[in-house]
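Here's the structure, in structure tokens; my notes come after.
Every chain is numbered from 1 and lettered A, B, ... according to where its sequence line falls, protein lines coming before strand lines. Hydrogens, waters and symmetry mates are skipped; everything else that's a heavy atom, side chains included, is used.
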Amino acid sequence: MAAVHDHDIAHAHDHHPTGMMRWLTTTNHKDIGSMYLWFSFVMFLTGGVMALTIRAELFMPGIQIVNPEFFNQLTTMHGLVMVFGAIMPAFVGFANWQIPMMIGAPDMAFARMNNWSFWLLIPAALLLIASFFVPGGAAAGGWTIYPPLSVQMGMGMDMAIFALHIMGAASIMGSINIITTILNMRAPGMTLMKMPLFVWTWLITAYLLVMAMPVLAGAITMLLTDRNFGTNFFNAAGGGDPVMFQHIFWFFGHPEVYIMILPAFGIVSEIIPTFARKPLFGYSSMVYATASIAILSCIVWAHHMFSAGMPVTGQLFFMYATMLIAIPTGVKVFNWTATMWRGSMTFETPMLFAIGFIFLFTIGGFSGVICAIVPIDIQVQDTYYVIAHFHYVLVSGALFSIFGGVYYWLPKWTGHMYDETLGKTHFWLSMFFFNLAFFVQHFLGLAGMPRRVPDYALQFADFNMISSIGAFGFGFSQLLFLYVVLKCIRGGEKAPAKPWEGAKTLEWTLPSPAPYHSFETPPVVR
Amino acid sequence: MSQEAGHGHYYVPAPSTWPMVGAIALFFMGFGAAFSVNRLPLGYGLLAIGFAILVYMLFGWFGAVARESESGKFSAQVDKSFRWGMSWFIFSEVMFFAAFFGALYYMRVHTVPELADLEHKILWPDFTGGWPTAGPWITEKFMPMGPWGLPAINTLILLTSGVTVTWAHWALKLNKRGQLKLGLFLTFFLGFLFVGLQAYEYGHAYSDLNLKMTTGAYGATFYMLTGFHGFHVTLGSIMLFVIWCRVMAGHFTPENHFGFEGVAWYWHFVDVVWLGLFIFVYWLI
């Protein structure tokens with residue numbers, strides 16, 4: 001008797017449409033997760049091509065390949081595409097695939113809205129990319145779109161603003177969906193403090209998104225009316241203030257930084273215990289550390305603006321508040337290390353990326369603490385030191401965790417094992433070329449090379465050449481990643497339900513590949 | 001043999017075309033808006049097409065949800081999901097308005113006094129700061145919008161509508177359908193009346209007070225805050241109207257009426273935002 005209702009529901013979408021319509025109309029969290037991940041990879045290559053064009057121009061001093069105006073468009077769009085098109089959708093893809101499986105839910109709470117959240121990214125991406133081809137070209141004021149420059153630009157800026165509006169709406173819907181799924185759809189017995197850490201980090205990330213994205217929407221709406229309807233929010237002549245934009249933008253922008261790294265912490269916290277074959281050290285302290293980081297992230301925004309003009313009291317407050325973040329982050333790094341301590345470790349590709357993450361993210365974290373110190377920050381503001389800092393946290397932090405997560409869960413997603421040799425090759429190539437590209441940028445920045453400039457003084461030539469070689473090596477290494485993933489989807493050794501003997505979470509109780517409907521009857525968690 | 005506690009009862013909808021229709025709508029609206037603000041041909045056309053598709057989607061999608069609800073597909077757990085979803089949506093709206101209230105606060109407390117301080121005397125010797133202001137460089141004369149005329153009446157209207165919607169909710173819980181219909185009707189009628197009076201006030205501001213969007217810091221914050229609030233009241237009134245139509249069609253039971261409650265929450269939210277507006281935009285000038 002009890003099965004009748006279940007059968008009705010299952011029946012409805014076992015007959016899902018085929019071909020293109022399957023993807024356009026799907027309400028399945030796995031389909032939507034896959035679309036997010038592929039979209040993210042396409043945008044990653046798009047933003048990557050922009051980055052390589054930038055590095056090609058910076059290979060030698062002088063202007064060789066692109067004119068300065070186009071160079072500015074490239075740096076701006078590289079940032080917007082990577083942040084909103086590559087990193088964030090990739091993590092939402094993980095959330096879609098993994099959260100229902102990890103908490104024992106049948107699907108996401110709002111399955112149709114889930115699909116809308118994804119499909120809204122397409123018009124937004126088209127608006128962003130098409131803006132290169134309109135008169136005046138794409139937005140060229142940096143990804144932070146500060147006025148007055150962004151008020152003076154051509155229609156590419158309007159297109160970027162509307163693209164951000166649409167992506168923001170998509171993000172808010174996606175986050176509400178994730179929060180509701182986690183709060184309302186856990187299997188019986190799955191108490192909050194039994195949830196896998198990946199789920200915890202996403203719960204907190206989603207909260208940050210719902211809080212921060214509407215503020216960005218407000219900021220860019222004011223920008224839009226200043227540009228087109230004659231308001232004076234950011235114009236001192238009318239009693240407004242361009243620095244106010246920076247405050248509002250970074251009130252969004254700093255939580256955004258943690259939106260891009262907290263899910264990465266979650267993925268690493270799943271991988272490390274699995275391959276160290278020990279439970280995560282200090283689970284509850286990990287949860288509290290994540291929450292502390294999220295709370296602190298809302299009160300540190302002005303450390304992005306130390307050189308914009310601020311009372312010393314303000315500088316001191318934001319400096320100390322920022323340095324406080326190093327404490328919960330340190331707790332996390334300590335816990336990951338302690339998890340590995342005396343574990344019986346093996347070094348499959350996901351573990352390599354996770355350990356690479358810990359090393360390199362920690363370097364990025366330390367350079368972050370250095371940037372938080374006001375007198376130093378005023379020196380390194382807008383130099384390559386800052387570029388090096390945030391690429392250490394975003395590329396070797398967020399992106400490495402994404403790679404690690406993909407390798408970790410590919411057997412579950414595809415039912416095949418990936419090619420371990422090629423995976424390890426991908427890791428070592430990425431590791432080597434990433435450091436080649438970005439470590440030298442610390443030196444460039446400390447020597448005074450400014451960011452967002454297509455030409456530079458001769459003394460920076462050698463380091464820039466090294467950096468460009470590293471960037472091209474890193475970029476082309478990612479084609480190997482594409483090959484490994486495609487190869488894994490098409491075939492390979494059959495994956496058992498639990499390919500990693502140390503894995504503990506619920507998704508490994510399902511067969512590989514995971515069935516179209518995960519948990520039609522809820523598992524019982526003890 | 002019921003399994004009310006089980007997950008098997010969670011309603012996962014079948015594949016649907018509405019999300020795709022919505023994405024196409026936003027595609028046209030995004031490009032249409034970008035073209036329109038740059039005065040390109042086609043702009044308004046694209047915007048209108050996008051808006052029409054969006055309205056079509058809203059009708060179709062919400063219609064589908066209402067039918068699913070009426071046919072009893074939603075378990076108590078699904079109902080709880082809707083409650084969480086609506087709460088977090090309203091929280092996101094609160095943060096959206098917080099950006100504009102933050103801008104108002106920043107300008108009044110920080111920017112305008114700074115532009116009138118000693119250092120800036122060299123640039124603008126005659127600027128004295130103070131609020132309301134159009135800034136140091138916009139010299140066109142204007143009058144601010146006082147609180148005790150229409151805005152006070154509008155406050156009364158919105159607060160009354162908060163009472164009527166609660167009165168209707170009581171009626172729904174006690175299954176008094178007549179009182180429910182009347183209460184809801186009064187609520188959205190007051191909502192639309194508010195919007196009409198706001199429109200009239202805007203006309204008055206433009207023609208008599210010379211208060212425009214271009215009137216510096218005061219004009220920008222005035223129109224941005226009241227404009228977005230008015231837009232939300234319009235949406236809320238339309239939502240109340242739709243709920244009223246569903247009540248007339250016999251929808252909702254005393255136990256099961258989240259559609260009504262969600263809209264009522266939203267209505268109280270726009271009400272509270274208005275109180276903030278009345279105090280910080282109209283009253284404290």
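Residue Ala98(B): no heavy atom, backbone or side chain, is found under 4.5 Å from chain A. Interface remark: Phe228(B) contributes side-chain atoms only to the contact with chain A (heavy atom separation under 4.5 Å). Both the backbone and the side chain of Leu24(A) have a heavy atom closer than 4.5 Å to some heavy atom of chain B. The contact between Ala130(A) and chain B is made entirely by side chain atoms (from C-beta outward), counting heavy-atom distances below 4.5 Å. Residue contact with chain B, scored on non-hydrogen atoms closer than 4.5 Å, is absent for Phe252(A). With a threshold of 4.5 angstrom between heavy atoms, Arg83(B) does not approach chain A through any atom at all. Contacts between His120(B) and chain A at a heavy-atom distance below 4.5 Å are absent for every atom of the residue. In this structure, no portion of Ile24(B) lies under 4.5 Å from any heavy atom of chain A. Interface remark: Met86(B) contributes no atoms to any contact with chain A (heavy atom separation under 4.5 Å). Heavy atoms closer than 4.5 Å to chain A are found in the side chain of Leu115(B), but not in its backbone. Only the side chain of His247(A) has a heavy atom closer than 4.5 Å to any heavy atom of chain B. Both the backbone and the side chain of Thr221(A) come within contact range of chain B, judged by heavy atoms closer than 4.5 Å. Residue Met213(B) touches chain A through both its backbone and its side chain, counting heavy-atom pairs closer than 4.5 Å.
Ring geometry for Trp88(B) against Tyr207(A) counts as perpendicular: the plane angle is over 60°, on a 0 to 90° scale with 30° as the lower cut.
A pairwise comparison of heavy atoms in Pro13(B) and Ala111(A) identifies CD-CB, 3.9 Å as the closest pair. Taking all atoms of both residues into account, the shortest heavy-atom contact from Met155(A) to Ala34(B) is CE-O, 3.9 Å. Residue His110(B) comes nearest to Asp241(A) through the heavy atom pair CD2-OD2, 4.3 Å, listed as atom of the first residue, atom of the second, then distance. Considering every non-hydrogen atom in both Ala99(B) and Gly218(A), the closest pair reads CB-CA, 4.1 Å. What you find for Ala103(B) and Ile248(A) is that their closest heavy atoms are CB-CD1, 4.2 Å. For the pair Gly22(B) and Leu120(A), the tightest heavy-atom approach, listed with the atom from each and the gap, is O-CD2, 4.4 Å.
To the nearest 0.5 Å, atom OG1 of residue Thr181(A) and atom OH of residue Tyr10(B) are 7.0 Å apart. Interatomic distance, Thr111(B) OG1 to Phe233(A) CZ, rounded to the nearest 0.5 Å: 12.0 Å. To the nearest 0.5 Å, atoms OG (Ser16(B)) and CE (Met113(A)) are separated by 13.0 Å. For the atom pair Phe100(B) CZ and Met222(A) CE, the distance stands at 5.0 Å (nearest 0.5 Å). Put simply, CH2 on Trp84(B) and CG on Asn184(A) are 8.5 Å apart, with the number rounded to the nearest 0.5 Å. Taken from CG in Asn232(A) to CD1 in Ile138(B), the straight-line distance is 4.0 Å, to the nearest 0.5 Å.
A heavy-atom distance below 4.5 Å is found between the side chains of Asn38(B) and Asp158(A). Counting heavy atoms from C-beta outward, Tyr223(B) and Phe229(A) have side chains that stay 4.5 Å or more apart. Put simply, the side chain of Val37(B) does not reach to within 4.5 Å of the side chain of Arg227(A), judged on heavy atoms.
When Phe27(B), Tyr106(B), Phe97(B) are compared by the number of non-hydrogen pairs under 4.5 Å with chain A, Tyr106(B) comes out ahead. Looking only at heavy-atom pairs under 4.5 Å with chain A, the residue among Phe89(B), Trp18(B), Trp61(B) that has the most is Trp61(B). Taking Pro19(B), Gly85(B), Ser87(B) one by one and counting their heavy-atom pairs under 4.5 Å with chain A, the maximum is reached by Pro19(B). Per-residue heavy-atom pair counts under 4.5 Å with chain B were compared for Ala124(A), Ala219(A), Ala236(A), Ser131(A), and the maximum is reached by Ala236(A). Contact count versus chain A (heavy atoms, under 4.5 Å) is highest, among Gly30(B), Gly219(B), Gly129(B), for Gly30(B). The residue among Ala237(A), Gly230(A), Pro123(A) with the most heavy atom pairs within less than 4.5 Å of chain B is Ala237(A). Across Asn177(A), Ile161(A), Leu126(A), the residue that shares the most heavy-atom pairs under 4.5 angstrom with chain B is Leu126(A). For the options Thr26(A), Asn235(A), Ile179(A), heavy-atom pairs under 4.5 Å to chain B are most numerous at Ile179(A). Of the listed residues (Phe31(B), Phe28(B), Trp137(B)), the greatest number of heavy-atom pairs within a distance under 4.5 Å of chain A belongs to Phe31(B).
Atom CD1 of Ile122(B) sits in a sparse spot, with 12 or fewer heavy atoms from other residues, nucleotides or ligands closer than 6.0 Å. The environment of CZ in Phe62(B) is sparse: at most 12 heavy-atom neighbours from other residues, nucleotides or ligands sit within 6.0 Å. Atom CZ of Phe91(B) has more than 12 neighbouring heavy atoms from other residues, nucleotides or ligands inside a 6.0 Å radius. Within a 6.0 Å radius of CZ in Phe59(B), other residues, nucleotides and ligands contribute 12 heavy atoms or fewer. Within a 6.0 Å sphere centred on CD of Gln152(A), heavy atoms belonging to other residues, nucleotides or ligands number more than 12.
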Given the rule in the side-chain contact (heavy atoms from CB on, under 4.5 Å) test, do Leu26(B) and Trp116(A) qualify, once you have shown the distances and angles that lead to the verdict?
CA-CA 11 Å; Leu26(B) 268 285; Trp116(A) 201 29; 4.2 Å; yes

Test side-chain contact (heavy atoms from CB on, under 4.5 Å) on Met213(A) and Phe96(B); report intermediate values, then the result.
CA-CA 8 Å; Met213(A) 292 308 284; Phe96(B) 181 70; over 6 Å; no

Given the rule in the side-chain contact (heavy atoms from CB on, under 4.5 Å) test, do Met95(B) and Val210(A) qualify, once you have shown the distances and angles that lead to the verdict?
CA-CA 8 Å; Met95(B) 292 310 294; Val210(A) 179; over 6 Å; no

From CA spacing to verdict: side-chain contact (heavy atoms from CB on, under 4.5 Å), Thr180(A), Lys80(B):
CA-CA 9 Å; Thr180(A) 307; Lys80(B) 206 170 166 190; over 6 Å; no

